[in-house]
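In what follows, a structure is listed as structure tokens, so that the remarks can point back to it.
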Amino acid sequence: MTGLGEAGGGGAAPARPGAKDPGTVRPGGRTARVRAAVLRAAGDALAEHGFDRLDLTDIARRAEVGKTTVYRRWSTAAGLVADLLDAMAEQSVHREGTGSLEGDLRAGARLVVATLNDPRQGPLLRAVIAASTGDPRTARALRRFYETRVEEWAERVRCAVRRGEAPEGTDPHEVVRAVSAPLYHRALISGGPLDDRAADRAAAAALAAARAGVYTRSPTPL
């Protein structure tokens, strides 16, 4: 997926040859406030009307910064979205444990549901996922974002293994992905109910599989 032309209105323009991946270059002399304002405006625009109508000129207006600044810094809509994902990953926080693997998985599942149902975060994530299917840079940034999010909860699974709640050799990342996968399927594909009951069911299924050794690096035969 290419970026939008400077004139706006949905005109596509190819990324400049040799351009670095967005998010890998920080603007010399620019303040964090400017980046935060632009990324906040980009998130608002994505949540409102998706990636296809993302217009860098509109983003500059929303952020109350010069459009030259936005085009020089991010170049394309895809570049801006990739940087937004990197910023979201930067905001990841340590997750406190509940004291049990069951409690941790349920807490993680309910957080996923709350995020997908949030009036801003839900549409934003759907727009970013859609954008990633057509742009390799956005896809790479989305993978980095989700790797960071998964790692937030992976330590809770490692602690559970040390407590003996799951077999030695359990892959913590696979357990965390098993919790969120059915919830994203409901949100993006099936349209099934996305509520605490769905969250608890996803957590219970992942817990049962983990205890049975399904997510060990050498799975235990069932």
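The figures here come from the full heavy-atom set of this structure, side chains too, leaving out hydrogens, waters and symmetry mates. For the single chain, residues carry numbers from 1 onward in sequence order. This is a predicted model, so every value here is computed, not measured.
- Using a cut-off of 4.0 Å between Lys/Arg side-chain N and Asp/Glu carboxylate O, Arg106 and Asp196 are scored as not salt-bridged.
- A distance of 10.0 Å separates CG of Leu125 from CG of Leu46, quoted to the nearest 0.5 Å.
- If you take CG on Asp200 and CZ on Arg110, they are separated by 4.0 Å, rounding to the nearest 0.5 Å.
- Counting only heavy atoms from C-beta outward, the side chains of Asp135 and Val81 never approach each other to under 4.5 Å.
- In this structure, Arg144 does not pair ionically with Glu147, as no charged nitrogen and carboxylate oxygen lie closer than 4.0 Å.
- Counted by atom type alone, Tyr71 and Thr76 present zero donor-acceptor pairs between their side chains at under 3.5 Å.
- Residue Trp74 comes nearest to Gly79 through the heavy atom pair CD1-O, 3.9 Å, listed as atom of the first residue, atom of the second, then distance.
- The side chain to side chain donor-acceptor pair (under 3.5 Å) pairs that include a residue from residues 168-177 are Glu151-His173, Glu174-Arg177, where partners are two or more places apart or lie in different chains.
- Ala210 approaches Pro167 most closely through the heavy-atom pair O-CD, 3.1 Å.
- In this view, Thr98 and Asp104 satisfy the side chain to side chain donor-acceptor pair (under 3.5 Å) rule, not counting sequence neighbours.
- Other residues, nucleotides and ligands contribute over 12 non-hydrogen atoms within 6.0 Å of the CZ atom of Arg162.
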Are Asp86 and Phe145 close enough, and set up right, to give a side chain to side chain contact (heavy atoms under 4.5 Å, CB included), and what steps lead you there? CA-CA 6 Å; Asp86 285 342; Phe145 168 75; over 6 Å; no
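- Checked options Arg73, Met88, Arg137; the residue passing with Asp83 is Arg73 (criterion: side chain to side chain contact (heavy atoms under 4.5 Å, CB included)).
- Heavy atoms only, all atoms of each residue included: Tyr215 and Ala206 are closest at CE1-O, 3.7 Å.
- Of all the heavy atoms in Thr133 and Ala130, the pair that sits closest is OG1-O, 2.7 Å.
- Electrostatic pairing of Arg61 and Asp58 counts as a salt bridge here, judged by a charged N lying under 4.0 Å from a carboxylate O.
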Using the rule given for side chain to side chain contact (heavy atoms under 4.5 Å, CB included), can you reason through Leu111 versus Trp153, listing the C-alpha separation, both sets of side-chain angles and the distance that settles it, and then say yes or no? CA-CA 11 Å; Leu111 180 60; Trp153 293 95; 3.9 Å; yes
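- Legend: ring pair (Phe, Tyr, Trp, His ring centres under 6.0 Å) pairs involving residues 98-137, not counting sequence neighbours: none detected.
- For Ala63, the side-chain contact (heavy atoms from CB on, under 4.5 Å) partners are Ala37, Val38, Ala41, Val65, not counting sequence neighbours.
- Judged as a side chain to side chain donor-acceptor pair (under 3.5 Å), the pairs with a partner in residues 113-130 (not counting sequence neighbours) are, in order, Asp44-Arg120.
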Per-pair distances, 0.1 Å, donor-acceptor, side chain in residues 183-194, under 3.5 Å, sequence neighbours excluded:
unit_1: Tyr184; atom_1: OH; unit_2: Tyr146; atom_2: OH; d: 3.2
unit_1: Arg186; atom_1: NH1; unit_2: Pro193; atom_2: O; d: 2.6
unit_1: Ser190; atom_1: OG; unit_2: Gly192; atom_2: N; d: 3.2

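- A 4.5 Å side-chain heavy-atom check between Glu165 and Leu207 finds every atom pair outside the cut-off.
- Ala109 and Ala199 make their closest contact through CB-O, 3.3 Å (heavy atoms, listed as atom of the first residue, atom of the second, distance).
- Residues Val179 and Ala202 approach most closely at O-CB, 3.5 Å, considering heavy atoms.
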Evaluation steps, side chain to side chain contact (heavy atoms under 4.5 Å, CB included), between Leu101 and Leu105: CA-CA 6 Å; Leu101 181 57; Leu105 296 184; 3.8 Å; yes
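- Annotation: the span from Arg140 atom CZ to Ser132 atom OG amounts to 12.0 Å, rounded to 0.5 Å.
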